[in-house]
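Everything below concerns the one structure shown next.
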Amino acid sequence: MGASRVGKSVITSIYFHDLTERIEIERQLRHANSFLQNIIRSSVDGIVVVDKGGHVLIFNEGAERILGYKAEEVIGDPEMFAKFYDPQVARENMRRMRSGDYGPPGKLSTTRITLVHKSGEKVPVNFSAAIIKEGDREVGSVGIFSDLREHLRIRRELEEARYQLLQAEKIASLGRLSAGVAHEINNPLAGILIYAEMLMKEVGDHPQWRQDLEEIIHQTLRCKQIVTRLLEFSRQPLGERVSYDMGHLAARCVELLCHQPLFHDVRFAMDLPADLPDMVGDPGQLQQVFTNLIINAANAMDGKGQITLSGRYDAGDDTVSLQFADSGPGIPPEIRDKIFEPFFTTKAPGSGTGLGLSVAYGIVQQHGGSIEAGTAPGGGALFTVILPRESPEATSETFDE
Ligand SMILES: Nc1ncnc2c1ncn2[C@@H]1O[C@H](COP(=O)(O)OP(=O)(O)O)[C@@H](O)[C@H]1O
Ligand SMILES: [Mg+2]
């Protein structure tokens with residue numbers, strides 16, 4: 001009796017022991033399961049699991065963020081899958097996975113593909129996938145992808161910066177070259193002028209000869225002017241370093257130009273805050289920069305249209321930016337990189353020297369600032385000049401040290 005009681009209690013305890021073990025295993029399984037689910041859910045990468053029929057079973061937070069859909073919009077709806085994953089690409093990827101030629105059988109090693117965001121934006125991703133099997137039976141597949149947009153953006157920016165550096169380097173070396181050439185040409189030009197003027201005195205009043213000599217002198221003076229501008233571009237030491245008012249300076253350029261014939265049909269819109277801070281630099285040289293930009297704008301518009309000049313002070317950087325926008329045809333993207341190079345011009349021979357913007361570039365650089373070309377809201381050209389409130393003391397960045 002006693003023994004049987006003992007036996008029974010042993011059985012009960014074994015049974016209880018069994019039960020607690022099962023509960024414990026179940027608890028551990030649930031725990032492991034929810035742990036795995038947590039990993040899947042919160043992974044930065046997008047994880048999408050579909051069954052054989054293309055019904056989405058899992059659509060994690062990473063996928064929500066990368067593709068813009070909420071999991072509940074996507075899960076269970078067989079139409080949705082094809083919206084973000086091109087069915088043709090999907091079929092091709094399945095074929096590759098089954099063939100085993102593109103990684104281990106049943107797997108797709110990382111490839112670059114494009115998914116489609118809910119907004120329609122194409123999202124480049126690194127994508128890998130695997131077929132899910134139960135025994136030998138295919139039951140679905142899982143795709144894992146990471147967003148490449150940020151990565152590609154940074155790469156583009158780096159390339160852009162590298163390109164701009166090259167461009168600056170190229171302009172600087174062109175500057176050195178043209179300074180050398182300008183120097184060499186300057187003296188013979190002065191010689192031609194002197195001899196032409198001497199001849200002029202000798203020819204008396206022979207009208208045809210006088211006219212020819214005048215032409216020689218006129219053309220030579222034009223050459224001298226080009227040479228002077230070249231030297232300006234390549235050497236510009238800051239002529240002076242004084243305090244000036246940017247608003248006044250810009251307004252004076254406009255006043256000086258607006259009475260010239262080229263500007264009769266040009267409207268000026270000025271948006272210069274009265275409280276722009278006082279600047280330090282060479283106002284004479286900057287006036288040349290602004291004049292060049294304004295004349296270019298009027299040329300581009302064939303003398304008809306609007307030039308908008310706006311200024312802004314950025315207290316954070318302690319810089320003033322000036323924008324010159326025109327209502328002309330704008331700068332074609334394919335020449336945007338070239339316009340600051342000396343001698344680059346799209347104007348007919350004789351009417352443009354291609355030096356205006358390179359001179360402007362050199363002067364702005366000497367002031368420790370930057371100049372950029374872009375597109376104005378109406379499609380015209382937009383030049384932005386950014387100058388530090390106080391330009392640095394004469395820099396060592398001259399082209400001909
Ligand atoms: N406001 C503008 N709109 C359109 N194109 C411009 C503008 N400013 C400059 N450009 C382009 O840049 C080129 C170079 O300008 P620049 O260096 O001043 O030389 P130039 O005026 O002698 O041609 C111009 O020939 C023109 O093609
Ligand atoms: Mg010009």
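In listed order, ligands and their atoms are each counted from 1. Position 1 is the first residue of the sequence; numbering continues from there. Given the structure is predicted, the values throughout are model-derived calculations rather than measurements.
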Exercise for review: Could you establish whether G330 and ligand 1 come within less than 4.0 Å of each other, counting only heavy atoms on the residue side?
Suggested key: yes

Check your understanding: Any idea which protein heavy atom is nearest atom 23 (O) of ligand 1, and the distance to it?
Key -> T345 OG1, 2.6 Å

Check your understanding: Using 4.0 Å as the upper bound for N to carboxylate O, is an ion pair formed by E159 and R156?
Key -> no

Study note, to complete from the structure: In this structure, atom 9 (C) of ligand 1 is nearest to the protein heavy atom N296 ND2, 3.6 Å

Check your understanding: Do any N/O/S atoms of T353 come under 2.8 Å of the Mg ion (ligand 2)?
Key -> no

Point to revise | atom 6 (C) of ligand 1: nearest protein contact (heavy atom, Å) | key: I331 CG1, 4.0 Å

Review point. In terms of residue, atom name and distance, what is the protein heavy atom nearest to atom 1 (N) of ligand 1?
Key: D326 OD2, 2.8 Å

**Study point:** K70 and E73 ion-paired at < 4.0 Å
**Key:** no

**Study point:** SB check E138 K133 (cutoff 4.0 Å)
**Key:** no

Study note, to complete from the structure: atom 7 (C) of ligand 1 has as its nearest protein heavy atom F383 CE1, 4.0 Å

Exercise for review: State the atoms of ligand 1, each with its element, that fall below the 4.0 Å cut-off from a heavy-atom position in A381.
Suggested key: 1 (N), 2 (C), 3 (N)

Check your understanding: How far is atom 14 (C) of ligand 1 from its nearest protein heavy atom, and which residue and atom name does that atom have?
Key -> F344 O, 3.3 Å

Review point. Are there more than 12 heavy atoms of other residues, nucleotides or ligands under 6.0 Å from atom CD of Q287?
Key: yes

Point to revise | Within the 6.0 Å centroid threshold, strictly below: F383 and F324 | key: no

Study note, to complete from the structure: So the atoms of ligand 1 within less than 4.0 Å of a heavy atom of A297 turn out to be 1 (N)

Study note, to complete from the structure: Note: D147 and V125 closest approach over all heavy atoms is CA-CG1, 4.2 Å

Review point. Would you call G354 a ligand 1 contact, heavy-atom distance under 4.0 Å?
Key: yes

Review point. F145 vs F127 aromatic rings, parallel, tilted or perpendicular, using cut-offs 30° and 60°?
Key: parallel

Point to revise | Validation row: K122, H117 side chains within 4.5 angstrom (heavy atoms) | key: no

Check your understanding: atom 11 (C) of ligand 1: which protein heavy atom is closest, and how many Å away?
Key -> I339 CG2, 3.9 Å

Exercise for review: With heavy atoms only and a cut-off of under 4.0 Å, state how F340 meets ligand 1: side chain, backbone, both or neither.
Suggested key: neither

Point to revise | CA sep, side-chain torsions, deciding dist, call: R389, Y313, side chain to side chain contact (heavy atoms under 4.5 Å, CB included) | key: CA-CA 9 Å; R389 197 174 49 76; Y313 173 59; 4.2 Å; yes

**Study point:** Per-atom contacts of ligand 1 with G352, taking only distances under 4.0 Å to non-hydrogen atoms
**Key:** 22 (O)

Check your understanding: Has ligand 1 got any nitrogen or oxygen that is less than 3.5 angstrom from a nitrogen or oxygen of K347?
Key -> yes

Practice item. Give a yes or no on whether the backbone of V181 and the side-chain of E184 come within a donor-acceptor separation of less than 3.5 Å. Key: no

Review point. Among L357, T346, V359, I307, which residue places a heavy atom closest to atom 25 (O) of ligand 1?
Key: T346

Check your understanding: Out of curiosity, T384 OG1 to Q323 CD, how far, rounded to the nearest 0.5 Å?
Key -> 4.0 Å

Practice item. For A300, counting its heavy atoms only, list the atoms of ligand 1 lying under 4.0 Å from any of them. Key: 2 (C), 3 (N), 4 (C)

Point to revise | Non-hydrogen atoms of I40 and N60 that approach each other most closely | key: O-ND2, 2.8 Å

Exercise for review: Determine whether any heavy atom of N292 lies closer than 4.0 Å to an atom of ligand 1.
Suggested key: no

Review point. For ligand 1, which part of L293 has a heavy atom less than 4.0 Å away: the side chain, the backbone, both, or neither?
Key: neither

